[in-house]
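Residue numbering restarts at 1 for every chain, and letters A, B, ... go by the order of the sequence lines.
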Amino acid sequence: MSAPVRTAPRPVLALPLIGWRRRPWRLVERNVLAYRRIWYIFLSGFLEPLLFLLSIGIGVGKLVGDLNVGGHLVPYRSFVAPGLLAIAAMTGSLLDTTFNFFVKMKYSHTYDAVLASPLSPRDVAVGEITWALIRGATYSGAFLLTMLAFGDLRSAWSIVALPGAVLIGFGFAGVGLAATTYMRSFVDFDYVNMAMIPLFLFSATFFPLSRYPAGLQAVIRFTPLYQGVVLERSLVLGDLHWTLLIHAAYLLAMGLLGLRVASKRIGLLLQP
Amino acid sequence: MTMPVVAARSLTKRFGAFVAVDGIDFEIAPGEAFGFLGPNGAGKTSTMRMIGCVSPRTSGELRVLGLDPAESGADIRGRIGVVPQEDNLDTELTVWDNLMIYGRYFDLPRADIRERAAELLEFVQLSDRRDSKVDPLSGGMKRRLTIARSLINRPEALLLDEPTTGLDPQARHLLWDRLYQLKRSGVTLVLTTHYMDEAEQLCDRLVIMDNAKIVAEGPPRKLIADSVTREVVEVRLPLDADTAFEAARLKRFGDRTEPLADRVLVYTDDGDATMHAAVDEGFGADSMFVRRASLEDVFLILTGRTLED
Amino acid sequence: MSTPPVVRVVEREALVYARLWRGLAFSTFVQPALYLAAMGLGLGGLVKAHTGSVAGLSYLDFIAPGLLCASATQLAAGESMWPVLGGVKWMRQFHGVVATPIGPGELYSGFVLWTAIRSMLGAIAFLVVAAILGAVPSAWGILAVPAAGLCSAAFCAVLAAYSIRLDSDLSFPMIMRLGILPLFLFSGTFFPINQLPSGLRPFAALSPLWHGVELARAATTGQFHAGAIATHIAVLVGCIAVGAYFGVRNFAWRLSS
């Protein structure tokens with residue numbers, strides 16, 4: 001009995017957003033076409049972090065006053081804004097890599113048609129992640145401009161906060177895509193909520209890590225959104241430390257692992 | 001000698017312990033309309049997916065356009081067109097955008113795609129629906145759009161998996177007509193079907209598949225001539241009749257008989273004579289009629305089962 | 001003798017609910033508790049260190065009834081959009097229901113009632129968690145349950161009446177982002193509405209969620225004015241009445257054609 005014949009695996013380390021391969025960009029084009037008629041749904045996604053900033057940052061901020069972050073007193077709004085930025089990067093990149101990806105894969109069979117063309121499962125994974133990053137970066141960029149208007153960008157390093165948001169998006173897009181390939185039905189999307197809500201609330205987003213019970217603090221240090229929150233908050237407030245590289249590496253590893261698993265799983269599911 | 005469009009030797013596909021395609025051999029010549037005829041589950045779709053380079057073969061040899069799908073899948077897919085069994089048009093896009101983006105998947109320049117898309121919509125008679133979404137289209141329209149989409153890259157070969165299943169007779173005939181035109185323009189057609197009339201109408205040559213294997217191969221008329229008599233008398237019996245017993249009684253009127261659930265088929269070269277002989281001898285039946293032998297009969301004789309099972 | 005049609009609709013929905021308990025248990029019970037812990041305790045600690053109290057209450061006491069009604073509203077909004085359109089367009093089970101002796105109006109009423117019941121079940125669970133955390137100072141707090149039910153029914157009555165008329169779900173994300181989310185964030189849930197710019201305060205007072213929150217807050221804290229309570233109830237009942245007027249007609253229009 002002979003060994004199964006399979007296409008030779010391509011090198012794993014293909015960074016999305018670097019255009020050395022054209023094919024994944026075709027998926028981005030496809031999504032641009034699809035959203036062209038419903039641009040308002042795309043654009044309105046930006047409202048979510050903005051409304052949170054107005055309510056929690058300003059409304060609740062008045063009740064909270066100033067916070068001591070890394071030795072300086074900053075208004076609560078300036079503290080919570082980078083947290084909201086990280087959240088926006090996460091949710092923005094998960095929209096099209098979880099639910100919408102699932103619908104296209106299982107119900108519309110969009111990718112069956114894509115894979116009958118020269119595109120490969122890996123092109124699909126890289127393409128959808130690239131699109132998610134573009135979407136996430138749009139929201140993060142608009143939110144950064146809002147922060148600028150409020151005077152919440154307190155350091156020149158804020159310029160790195162946009163690539164930082166893209167990195168957060170990459171981490172979650174990769175894992176989101178990979179996790180979605182394991183979903184069997186819409187009911188399984190409850191798990192996405194079950195993961196996202198605790199991350200949203202307990203990643204030192206709304207109050208500093210020091211206010212959590214000690215045991216919980218240790219756990220939170222290892223959670224994914226926390227890495228992004230620390231990264232963005234440090235960049236925006238100018239509180240730099242070499243350990244930021246560890247947070248960045250965590251997110252990068254998460255994205256690459258997700259991309260690898262997703263490419264493999266899409267191949268297994270759609271090209272058995 | 002020209003290179004075959006598809007050449008397979010001992011081509012095998014297994015899913016775990018299940019053997020979907022069991023060591024089949026065939027060749028498809030350029031410009032030919034080649035069919036895989038067989039009931040559902042015979043292994044036709046698995047074969048098509050291997051040819052379309054979206055399913056790796058388990059073992060055996062396969063060359064498509066002279067290339068090995070395991071090595072050059074993307075290159076092969078760039079030169080063929082695929083019409084899948086279930087429409088998978090992009091429901092978030094309009095008719096026109098479906099063609100545009102599909103052309104982009106093949107890396108074609110936008111200006112070329114626009115020109116080609118307009119021609120193709122004309123060809124499949126959907127020009128007036130270009131700005132419609134996909135959902136409101138009828139089944140026949142969706143299938144025609146899928147065919148237009150599969151032609152966007154001017155493919156050398158077109159793979160059609162059950163192209164007319166689920167369509168009403170009028171939509172079917174319109175589709176056959178388009179496929180004829182394609183064949184005349186030199187495109188190699190590879191199709192699967194479980195309709196014998198479709199196979200007879202469209203295919204220059206076909207293989208009959210059953211249980212993951214090829215059981216017969218040749219041009220439709222030759223397959224019929226080689227394995228069946230020229231005509232068939234269909235004898236319909238009352239519901240409570242024992243068809244096996246009646247088949248034995250009818251045997252002496254023809255060359256051979258096949259009992260089915262509600263009728264007996266009598267194979268003979270002169271149907272009228274056979275029928276009159278049976279009637280003259282006082283054979284009682286609900287009805288009797290003569291028809292030409294078809295691929296259905298070839299399949300029945302080779303496998304003992306009907307295509308529609 | 002025979003069960004009234006409305007009750008049979010409730011029974012059917014309850015069966016569906018039982019199948020999806022995992023996600024629904026999370027969104028009904030766990031999610032509000034997490035919000036309460038993060039916002040009430042975590043953020044509340046910061047508020048305590050700075051302002052001490054909000055409208056005479058600890059931040060935890062202030063936010064608990066807000067989250068209670070916000071959670072009821074979110075559940076009602078989610079249930080009254082996609083599932084309603086799905087019932088008539090994708091899954092089409094509503095057509096199956098009205099093929100029985102149950103009429104479209106009864107289907108609508110049963111649907112709203114069931115959504116309110118679910119919100120109240122969630123409210124009970126939430127109150128237990130809140131009480132354990134010390135966020136329910138008054139024994140009147142149990143009345144926050146019907147307050148959440150009213151609030152939920154107000155949203156469900158109006159939104160279900162709207163959703164049944166649609167052909168596509170494209171407007172739903174917009175309603176969530178432009179309607180429900182701003183209400184969630186600015187209806188006196190996280191901070192008192194008198195902190196809003198004066199021009200915006202009248203809009204917050206129009207929010208059904210604000211009326212629900214004020215009712216629930218009156219219950220959990222035991223501090224209330226009878227006149228204010230009457231106004232809040234009247235507004236919510238008004239919403240339900242207007243929703244029902246259109247809902248019964250719209251359900252009949254969509255399901256009988």
Side-chain angles (χ1 to χ4, degrees), chain A residues 1-10 19 21-39 41-42 96 99-124 127-128 131 264 266-272, chain B residues 10 12-16 20 46 49-50 52-62 68-94 96-98 100-108 110 133-135 146 149-150 152-153 159:
Chain A
M1 143 158 191
S2 54
V5 188
R6 266 223 172 256
T7 319
R10 296 214 174 80
R21 285 173 55 122
R22 270 183 322 224
R23 286 194 196 132
W25 286 98
R26 302 305 178 223
L27 262 293
V28 176
E29 273 182 46
R30 184 249 161 228
N31 290 336
V32 171
L33 277 183
Y35 276 100
R36 205 176 48 183
R37 275 153 214 272
I38 46 170
W39 53 270
I41 289 184
F42 183 96
D96 283 322
F99 196 79
N100 294 348
F101 173 69
F102 184 77
V103 172
K104 283 191 265 181
M105 184 170 66
K106 288 265 164 86
Y107 287 87
S108 328
H109 300 286
T110 311
Y111 301 121
D112 290 315
V114 171
L115 293 175
S117 81
L119 273 64
S120 69
R122 189 183 171 72
D123 295 329
V124 168
E128 289 293 6
W131 165 256
K264 211 180 136 198
I266 295 170
L268 283 175
L269 289 174
L270 300 181
Q271 301 191 329
Chain B
S10 311
T12 300
K13 179 71 191 181
R14 282 191 213 103
F15 297 100
S46 295
R49 288 176 56 83
M50 287 190 281
C53 310
V54 289
S55 175
R57 63 185 185 270
T58 310
S59 65
E61 283 299 307
L62 180 64
D68 182 349
E71 317 256 295
S72 320
D75 294 335
I76 297 170
R77 291 196 301 268
R79 292 168 57 191
I80 60 176
V82 175
V83 179
Q85 200 173 123
E86 307 253 323
D87 289 314
N88 53 22
L89 294 160
D90 199 322
T91 50
E92 289 176 58
L93 304 179
T94 60
W96 179 258
D97 284 347
N98 259 283
M100 283 306 290
I101 197 60
Y102 214 67
R104 295 296 288 158
Y105 294 158
F106 287 84
D107 232 347
L108 307 173
R110 285 197 182 77
K133 284 258 187 184
V134 168
D135 263 341
T146 307
R149 188 184 70 177
S150 71
I152 197 83
N153 59 328
L159 312 183

Check each atom of R49(B) against the heavy atoms of chain A and say whether the ones under 4.5 Å are side chain, backbone, both or neither.
-> side chain
L89(B) versus chain A, the contacting section by heavy-atom distance below 4.5 Å = backbone
For R104(B), does its backbone N or O pair with a side-chain atom of R26(A) as donor and acceptor, under 3.5 Å?
-> yes
Name all residues meeting the side-chain hydrogen bond (donor to acceptor under 3.5 Å, both in side chains) criterion together with R30(A); count only those two or more places apart in sequence or in a different chain, and write none if there are none.
-> D90(B), E92(B)
Find the one option among I80(B), T94(B), I76(B), L159(B) whose heavy-atom pairs under 4.5 Å with chain A are most numerous.
-> T94(B)
Can you name the residues that form a side-chain hydrogen bond (donor to acceptor under 3.5 Å, both in side chains) with S150(B), not counting sequence neighbours?
-> none
Using non-hydrogen atoms and a 4.5 Å limit, figure out which bit of T12(B) sits close to chain A: side chain, backbone, both or neither.
-> neither
Heavy-atom distance under 4.5 Å to chain B: side chain of L270(A), backbone, both or neither?
-> backbone
State whether the number of non-hydrogen atoms from other residues, nucleotides or ligands found under 6.0 Å of K133(B) atom NZ is greater than 12.
-> yes
Short question: side chain of Y105(B), backbone of A113(A) - any donor-acceptor pair under 3.5 Å?
-> no
With chain A, which of L93(B), N153(B), D107(B) has the greatest number of heavy-atom pairs at distances under 4.5 Å?
-> D107(B)
Let me see the working for F99(A) and F102(A) under ring pair (Phe, Tyr, Trp, His ring centres under 6.0 Å), right down to the final yes or no.
-> CA-CA 5 Å; F99(A) 196 79; F102(A) 184 77; 7.5 Å; no
Region of T91(B) that comes under 4.5 Å of a non-hydrogen atom in chain A = side chain
Check each atom of V54(B) against the heavy atoms of chain A and say whether the ones under 4.5 Å are side chain, backbone, both or neither.
-> both
